[in-house]
Amino acid sequence: MLDWSNIDTVLLDMDGTLLDLRYDNHFWNEALKLHFAEHHQISVSEAELWLQNEFKKVAGTLNWYCLDYWEQKLALPIRELKNRTANLIVMRPDTSAFLQGLQQAEKDVALITNAHPDALALKNKHVPLQQLCPQQFSTHQFGYCKEFQELWQGLQAEFPFDPKRTLFIDDGEHILDSAREFGIQHTVGIANPDSGLAAKKFSRHMAISSFTELALPFNAKAQ
């Protein structure tokens, strides 16, 4: 398990890590094909096939996460459509206590998400994430998503941290690989990012199903 005495900085993913991934999975995997089929007057199966093909073209790039890109590509008001199911935006049940614990333990904490700034703003509107984690970054401001080493270089310049004394938590193993390549010493995966799906396995990084498994210590002054 983690030795918190060796960790000064905690970098946290948002969707699937601090927030339940159900909202995003529902929109991109279920609702979007219905909207696309209706708008373009095609069958749902045709819409699904077309979308899957377009998703594959930009997987692992910043466009994958870019609302502007998808609004142009799909000729749909993505921002407006995402708002319609915003009631599904919820924090994971253990997120609030974990973020409060990090504050008590006096760790430097930052949220780093591949989500578009407008998607981040929508999440902050519906859950108290910004109050619990004021330092927030969208990778769009750096021009690279977390899959690229240039992102970590840009983030470190903006939010100085020692990779050897940093913990990064994310629900994507390939993104944890990228962080580890940059030199981030401590990496943890989220095995159950979507409350509606079965847990997944990580092969190269430690994975948890609850932040309580990390046994966060409290600074004596904060107790």
Side-chain angles (χ1 to χ4, degrees), residues 10-36 48 51-52 54-56 58-67 69-70 78-79 81-99 109-130 132-133 136-140 145-147 151 167-179 187-214:
V10 181
L11 302 176
L12 298 163
D13 171 50
M14 180 172 67
D15 301 315
T17 298
L18 297 178
L19 304 185
D20 192 331
L21 195 58
R22 179 176 172 232
Y23 164 77
D24 295 279
N25 279 342
H26 171 77
F27 178 79
W28 294 103
N29 298 334
E30 302 299 331
L32 184 59
K33 62 186 177 185
L34 301 180
H35 295 308
F36 189 77
E48 184 172 22
L51 288 170
Q52 288 177 348
E54 291 302 315
F55 289 160
K56 289 177 182 177
V58 295
T61 72
L62 200 60
N63 279 341
W64 170 272
Y65 308 96
C66 185
L67 300 186
Y69 174 84
W70 290 115
I78 298 298
R79 290 170 172 82
L81 296 175
K82 284 175 66 69
N83 258 311
R84 295 183 186 179
T85 54
N87 62 296
L88 296 177
I89 299 173
V90 295
M91 292 196 297
R92 289 167 55 89
D94 49 347
T95 291
S96 181
F98 181 62
L99 291 175
V109 181
L111 179 155
I112 176 68
T113 177
N114 280 336
H116 186 279
D118 289 347
L120 173 58
L122 179 64
K123 305 295 175 61
N124 281 320
K125 180 180 177 181
H126 289 273
V127 293
L129 197 55
Q130 198 158 35
L132 292 166
C133 185
Q136 300 183 345
F137 298 99
S138 165
T139 59
H140 290 249
C145 53
K146 287 180 280 186
E147 287 87 335
L151 176 278
L167 164 65
F168 174 55
I169 307 178
D170 197 286
D171 65 303
E173 186 153 39
H174 67 295
I175 293 179
L176 294 173
D177 290 340
S178 177
T187 54
V188 174
I190 298 295
N192 56 342
D194 184 326
S195 62
L197 298 177
K200 59 182 183 178
K201 294 184 178 181
F202 284 71
S203 59
R204 298 179 299 280
H205 304 267
M206 179 179 79
I208 60 171
S209 295
S210 170
F211 291 126
T212 58
E213 297 174 48
L214 298 181

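Ring planes of F98 and F211: parallel class, angle under 30° (limits at 30 and 60°).
Under the side chain to side chain donor-acceptor pair (under 3.5 Å) criterion, R92 pairs with N192, sequence neighbours left out. Looking at residues two or more places apart in sequence or on another chain, you find a side chain to side chain contact (heavy atoms under 4.5 Å, CB included) between A207 and A191, F202. Applying the side chain to side chain donor-acceptor pair (under 3.5 Å) rule to H174 yields the partners E147; only residues at least two apart in sequence or on another chain are considered. Under the ring-ring contact (aromatic ring centres under 6.0 Å, His included) criterion, Y65 pairs with no residue, sequence neighbours left out. The side chain to side chain donor-acceptor pair (under 3.5 Å) search around D94 returns S210, not counting sequence neighbours.
In this structure, K200 contributes its side chain and D171 its backbone to a donor-acceptor pair below 3.5 Å. Under a 3.5 Å cut-off, the side chain of E173 and the backbone N or O of S203 do form a donor-acceptor pair. Between the side chain of T139 and the backbone N or O of K146 there is no donor-acceptor pair closer than 3.5 Å. Side-chain atoms of D170 do not come within 3.5 Å of backbone N or O of D13 as any donor-acceptor pair.
Residues Y69 and T61 form no side-chain contact, since every pair of their non-hydrogen atoms from C-beta on lies 4.5 Å or further apart. Inter-residue side-chain proximity for V58 and W70 is flagged as met; some heavy-atom pair is nearer than 4.5 Å. Between R204 and D177, the closest side-chain pair of non-hydrogen atoms falls below 4.5 Å. Taking the side chain as every heavy atom from C-beta outward, T95 and L19 never approach each other to under 4.5 Å. Residues W28 and I78 form a side-chain contact, since some pair of their non-hydrogen atoms from C-beta on lies under 4.5 Å apart. Using a 4.5 Å heavy-atom cutoff, the side chains of Y23 and V90 are not in contact.
Of the inter-residue distances, the one linking K56 atom NZ with W64 atom CH2 reads 10.5 Å to the nearest 0.5 angstrom. In this structure, the separation between CG on L21 and OG on S195 is 9.0 Å, given to the nearest 0.5 Å. Residue M91 holds its CE atom at 8.5 Å from CG of L18, rounded to the nearest 0.5 Å. One finds the CG atom of L11 at 9.0 Å from the CZ atom of F137 (value rounded to the nearest 0.5 Å). Of the inter-residue distances, the one linking N63 atom CG with C145 atom SG reads 9.5 Å to the nearest 0.5 angstrom. The CG atom of L88 lies 5.0 Å from the CZ atom of R22; values are rounded to the nearest 0.5 Å.
When all heavy atoms are compared, the tightest approach of M14 to T113 is CE-OG1, 3.8 Å.
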* Mind running side-chain contact (heavy atoms from CB on, under 4.5 Å) on L99 and L129 for me, showing each step along the way? => CA-CA 9 Å; L99 291 175; L129 197 55; 4.2 Å; yes
* I would like to know whether M206 and E213 meet side-chain contact (heavy atoms from CB on, under 4.5 Å); could you show each step before the answer? => CA-CA 11 Å; M206 179 179 79; E213 297 174 48; over 6 Å; no
Please table the atom pairs, donor to acceptor, closer than 3.5 Å between any side-chain atom in residues 115-126 and protein atoms at least two apart or in another chain.
from, atom 1, to, atom 2, distance (Å)
H116, ND1, D118, N, 2.9
H116, NE2, D68, OD2, 3.2
D118, OD2, R79, NE, 2.6
D118, OD2, R79, NH2, 3.0
K123, NZ, D15, OD1, 2.6
K123, NZ, D15, OD2, 3.3
K123, NZ, D24, OD1, 3.4
K123, NZ, D24, OD2, 3.3
N124, OD1, Q130, N, 3.2
N124, OD1, Q136, NE2, 3.2
N124, ND2, L120, O, 3.4
N124, ND2, Q136, OE1, 2.8

